[in-house]
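The structure under discussion appears below in the form of C-alpha cells.
Here the structure is a predicted model, which means the values were calculated and not measured. Counting starts at 1 for both ligands and their atoms, in listed order.
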Amino acid sequence: MHRITPHQPHPLFNTAATRRLEKAAAAALPPHTLMQRAGLAVAQLAQALAPHARTVWIACGPGNNGGDGLEAAMHLQRSGRKVIVTWLGQPDTAPADARASWQRARDAGVAWADAAPNDLDANDLCIDALLGIGVASSPHSPPRTPDARLLTCLQALHHSPAPVLAVDLPSGLDADTGQFAAGLTPDTPPHLHHRAPTPRHTLSLLTLKPGLFTATGRDAAGHVWLDDLGVEPGHEPPNAWLSGPALPAPRAHASHKGSYGDVAVVGGEGLAARGMGMAGAALLAASAALHSGAGRVLVTLLDDGHLQLDPQQPELMLRRFDALALEQLTMVCGCGGGQAIAHVLPEVISRAARLVLDADALNTIATQAALHALVVARGQHGQPTVITPHPLEAARLLGLTTAEVQADRLDAAQQLADQFNCVAVLKGSGTVIAAPDRVPAINPTGNARLATAGTGDVLAGMVGAHLAAGASAWRAASEAVYQHGQAADVWPAGLALTASALARRVGG
Ligand SMILES: NC(=O)C1=CN([C@@H]2O[C@H](COP(=O)(O)OP(=O)(O)OC[C@H]3O[C@@H](n4cnc5c(N)ncnc54)[C@H](O)[C@@H]3O)[C@@H](O)[C@H]2O)[C@H](O)CC1
Ligand SMILES: [K+]
C-alpha cells in the first residue's frame, strides 16, 4: 500500500478494466481472498491514519464495497478499537463475499447501529464503505432513487467532523468520470461553508481509477492511497495515465538564445476596438514564455500599435503582425484576442511552424468551419498544434454544454484531440491532456489558487516555450501543465497568487 504523489506517473484503469482484473484475479485465488486483503488494507490504513481514534464508525453499503468495510470492522474490533457498524445489506441478499465478512464482523463482536453515532468529533474516524465501483451512474439510464438510509449515511459522511477514509472511492463518485451519480452529489449546508474541511483519504483497491483525479473527484477523494491487493495489471492496458514530472533537459553550455526558439504571442485586442483593453492577457503569456526559457519572445498586440514597449518587461520585442516570419515561429495565439483575432487567424493557422491556440482563437474557430479545417490540416502536414480550452471553450468547440463536457472530461478531451487532429488540453481540476491515437493523461498538480484571471494565459505561454525548445506537442503540453500546477502547489503561504507573479515563477 502506498500514498499517491505527483512525483511519478501512474496507470489508471476504469470500471470495466478493473472488473476484468478482479475477475481474473478472483479465479486464480481461493474464495474471499480479495475481500480479505481489501479489508485488511483498509484496517491497516485506518490504524495508521488515526491511531488514537476513540470511535471508528464504519458505514457499509449493500454490495461488496460494504463487504470490504465489514472485513475491516472485524480487524479493527480485534485490535481493540471501539467499532460501530451501520450495514445497509441483508444476510440473505448480500453477495457471498460480503455475507462472509458480515459473519466475521459479527463473530468478532462489533457494535451495530442504524445510523451514524451523533457524538462523532475530530478524535473519531469514519470509514466510508457505502458504494464503490458498483455505483450506477450512466447518463443514459434513469437516475435511481437512492434508499433513504443510504442518503442519511452519505450526508453523515459528507458533514462529518471526524476524518473520513473512503474505501475504493468516495461513495457515489463515478470511477470513470469523477462526477457523482445523480442524487448522490454532496451538498454543503450554509452553516458548514466556513468550517475547515475535515481530512479525507481514499484507499483505492486493486487499481487507481481516473475519476479520483479529475472533475469533482480530486476534492472528494482527498489524499489517495493504492493497495493493489497483490494483483498485477498483467496485459490489461491502462485507460489513462496520471502524469509525472518532466524529465530534466539540461542545457548545453554551448547554447545561445537561438537554441531555445522564438515564441511569438499574438493577441490583446486594444481598448479602442470595443472598449475592452485586453493587452494584459497577451503580455502575461509572453512573460510566461520568457520565464519558461524561450530564447526570444515577440509580441504582436492587436491594439493598432499603441504599445511600443512594455517597460516592466523590456525583453519582450513588440512587432507588427506583418513583420512576423510565421513559418519560423512558435506562435501563441488568442490570449485576450477578442474579435480582432479573427483577422489574423487564417494566416496564423496555415503558416505558423508550431502553434498554441487559446481563448478567443478557440472561440473564433468554434464558429468557423473553415478555420476548423485549417487546424485539422496542420496535423496532416506534421505541424504541431496544442489547443488549451477551459470547459466553456471546449463546449463551444464540441457543440456541447459545459455540463456535458464536465460529465466526462476524459472523453471530451479525446473528442477535441480527434476532431481537431492535435493535442488538446482540457483545463480545470485534473487537467486532461489528449492526442489522437494515444491514451490520455490527467495532470496531478495544481490547486484552487489557480482560479484567478490570467493563469490560463500563463499556461499558453509556457506551452509555447516548451514547443519552441523542441519538445513534441504532447510533451510540451503535459510538461507545461505539470509545472504550471506545481508552481501553484509550492506557492508561499501568505503571498497572493496573481497571474503575473505566477508567470515570473514558472521557470522554477
Ligand atoms: N475491484 C476489486 O477487485 C475488488 C472490489 N471489491 C470491492 O467491491 C466493490 C464493488 O462491489 P459491487 O458489489 O460490485 O458494488 P458496490 O458495493 O460498489 O455497489 C453496489 C450496490 O450499490 C447499489 N447502488 C449502485 N448504484 C447506486 C445508486 N446510484 N444509488 C443507490 N444505490 C446504488 C447497488 O444496488 C448495489 O446494492 C469495489 O468498489 C471494492 O470496494 C472487493 O471487495 C475487493 C476486490
Ligand atoms: K466507498
Side-chain angles (χ1 to χ4, degrees), residues 13-29 31-43 45 58-72 86-90 93-102 104 126-139 141-154 157-158 164-176 179-186 200-209 211-212 217 220-222 224-233 236:
F13 298 88
N14 65 16
T15 302
T18 302
R19 292 269 191 216
R20 279 193 294 275
L21 279 165
E22 178 193 5
K23 202 170 158 205
L29 289 164
H32 310 312
T33 305
L34 286 177
M35 188 170 287
Q36 287 176 10
R37 291 180 184 173
L40 180 61
V42 172
L45 184 57
I58 310 185
C60 299
N64 285 324
N65 193 250
D68 294 347
L70 292 164
E71 186 72 21
T86 300
W87 186 38
L88 306 183
Q90 308 281 341
T93 52
D97 283 341
R99 189 170 51 247
S101 293
W102 165 75
R104 282 147 67 84
C126 297
I127 296 183
D128 165 9
L130 289 171
L131 299 169
I133 58 171
V135 74
S137 68
S138 161
S141 55
R144 301 175 48 151
T145 313
D147 159 289
R149 276 181 80 206
L150 175 73
L151 282 182
T152 310
C153 287
L154 272 175
L157 291 165
H158 294 151
V164 178
L165 168 58
V167 178
D168 210 16
L169 289 160
S171 292
L173 192 80
D174 184 307
D176 300 350
Q179 291 294 7
F180 280 93
L184 302 180
T185 305
R200 298 210 165 238
H201 295 263
T202 298
L203 174 56
S204 197
L205 297 168
L206 193 74
T207 60
L208 284 175
K209 290 91 185 165
L212 294 168
V224 178
W225 301 73
L226 170 67
D227 193 299
D228 65 8
L229 307 181
V231 176
E232 297 280 330
E236 187 67 45

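Rounded to 10°, the angle formed at the K ion (ligand 2) by O of Leu169 and OD1 of Asn65 is 150°.
In terms of N/O distances under 3.5 Å, ligand 1 is not approached by Leu34. By the 3.5 Å distance cut-off applied to N or O atoms, Gly134 is counted among the residues near ligand 1. When only interatomic distances are considered, the shortest N/O to N/O separation between Asn65 and ligand 1 falls below 3.5 Å.
Among the backbone and side-chain atoms of Gly132, none of the N, O or S atoms lies under 3.4 Å from the K ion (ligand 2). One of the N, O or S atoms belonging to Asp128 lies under 3.4 Å away from the K ion (ligand 2). Taking 3.4 Å as the threshold, Thr202 does not count as a candidate ligand of the K ion (ligand 2), since none of its N, O or S atoms lies below it.
Of the heavy atoms in Arg37, none comes closer than 4.0 Å to ligand 1.
Atom CG of Leu34 and atom NZ of Lys23 lie 14.0 Å apart (nearest 0.5 Å). Here the CG-CD1 distance, from Leu165 to Ile127, works out to 5.5 Å after rounding to the nearest 0.5 Å. Atom CG of Leu45 and atom CG of Asp227 lie 9.0 Å apart (nearest 0.5 Å). Within the model, atoms CZ of Arg149 and CG of Leu154 stand 12.5 Å from one another, a figure rounded to the nearest 0.5 Å.
Every atom of ligand 1 with a heavy atom of Gly132 under 4.0 Å away is listed here by number and element: 16 (P), 18 (O), 39 (O). Close contacts between ligand 1 and Pro62 involve ligand atoms 37 (O) [criterion: under 4.0 Å to a heavy atom].
In summary, of the residues considered (Asp174, Asp176, Thr207), a side chain to side chain donor-acceptor pair (under 3.5 Å) with Thr15 occurs for Asp176 alone.
Of the options Asp174, Thr33, Asn64, the smallest heavy-atom separation from atom 11 (O) of ligand 1 is shown by Asn64.
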